[in-house]
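Here is the structure we will look at.
In what follows, residues are counted from 1 in the order of the sequence shown.
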Amino acid sequence: KNMARGPKKHLKRLNAPKHWMLDKMGGTWAPRPSTGPHKLRECLPLVLILRNRLKYALTKKEVQQICMMGLVKVDGRRRTDPNFPCGFSDVISLDKTDEHFRMLFDVKGRFVLHRLNDKKFADE
């Protein structure tokens, strides 16, 4: 009958939003997004973008190393937190590859990373 002490720190994989498209059997846990500009159910943590979508890393540890090297920017600001929540119309920039992606929805309401070719869009 103890009350919860503080905010939740964990997120089970089956409780994760379905539009993250995580496989059911890929472990017990899912990355819980940090508190930030977007709500838990309306965002995608950076680790899922770099690891599951863009395939720049195989593990969360690799994503952590990429972030800590300062290679990832969200809306023009360097982000070192691998659980940082990226939401609709955010721009994710990768300095090393000079790539920019905008978070948009597909027809089924899932996040897709739309590659931006023009520099001027990436600065918005």
So, using side chain to side chain donor-acceptor pair (under 3.5 Å) as the criterion, who are the partners of Asp81 when residues are at least two apart? Ser34
Does one hydrophobic cluster hold both Phe88 and Leu48, with members joined at side-chain heavy-atom distances below 4.5 Å? yes
Across all chains, not counting sequence neighbours, the side chain to side chain donor-acceptor pair (under 3.5 Å) partners of Thr97 are Glu99
Could you list all the salt bridge (charged side-chain N to carboxylate O under 4.0 Å, His left out) pairs where at least one residue sits in residues 44-53, not counting sequence neighbours? none
Within residues 21-46 or reaching into it, pairs that qualify as salt bridge (charged side-chain N to carboxylate O under 4.0 Å, His left out) - sequence neighbours excluded: Arg13-Asp23
Residues which pass side chain to side chain donor-acceptor pair (under 3.5 Å) with Thr35, listed by chain and number, not counting sequence neighbours: none
Is a side-chain N or O of Asp75 found less than 3.5 angstrom from the main chain of Asp90, in a donor-acceptor match? no
Any chance you could measure Arg79, atom CZ, to Ser93, atom OG, to the nearest 0.5 Å? 12.0 Å
Can you name the closest pair of heavy atoms from Leu40 and Pro17 and give their distance? O-CG, 4.1 Å
Tell me which donor-acceptor pairs under 3.5 Å the side chains of residues 103-114 have, and how far apart each pair is, sequence neighbours excluded?
residue: Asp106; atom: OD1; partner: Lys108; partner atom: N; Å: 3.1
residue: Asp106; atom: OD1; partner: Gly109; partner atom: N; Å: 3.1
residue: Asp106; atom: OD1; partner: Arg110; partner atom: N; Å: 2.8
residue: Asp106; atom: OD2; partner: Arg110; partner atom: NE; Å: 3.1
residue: Asp106; atom: OD2; partner: Arg110; partner atom: NH2; Å: 3.2

Under 3.5 Å donor-acceptor pairs involving side-chain atoms of residues 59-74, not counting sequence neighbours:
residue: Thr59; atom: OG1; partner: Glu62; partner atom: N; Å: 3.2
residue: Lys60; atom: NZ; partner: Asn83; partner atom: OD1; Å: 3.1
residue: Glu62; atom: OE1; partner: Leu58; partner atom: N; Å: 2.8

Please identify each residue that fulfils side-chain contact (heavy atoms from CB on, under 4.5 Å) with Asn15, with sequence neighbours left out. Leu11, Lys12
Would you list the pairs meeting ring-ring contact (aromatic ring centres under 6.0 Å, His included) in which at least one residue belongs to residues 31-59, sequence neighbours left out? none
What pair of heavy atoms forms the shortest contact from Trp20 to Pro45, and how long is it? CZ2-CD, 3.6 Å
Within this structure, what is the NE2-NZ distance for the pair His10 and Lys8, rounded to the nearest 0.5 Å? 12.0 Å
How about Pro37 and Pro85: do any of their side-chain heavy atoms sit closer than 4.5 Å? yes
To the closest 0.5 Å, what do you measure between CG (Leu54) and CG (Leu94)? 6.5 Å
Mind checking what makes side-chain contact (heavy atoms from CB on, under 4.5 Å) contact with Arg5, not counting sequence neighbours? none
Does Leu22 share a hydrophobic cluster with Phe84, counting links as ILVMFWY side-chain heavy atoms below 4.5 Å and allowing steps through other members? yes
For Arg77, side chain to side chain donor-acceptor pair (under 3.5 Å) partners two or more places apart: none
To the closest 0.5 Å, what do you measure between CD1 (Ile92) and CZ (Phe101)? 8.5 Å
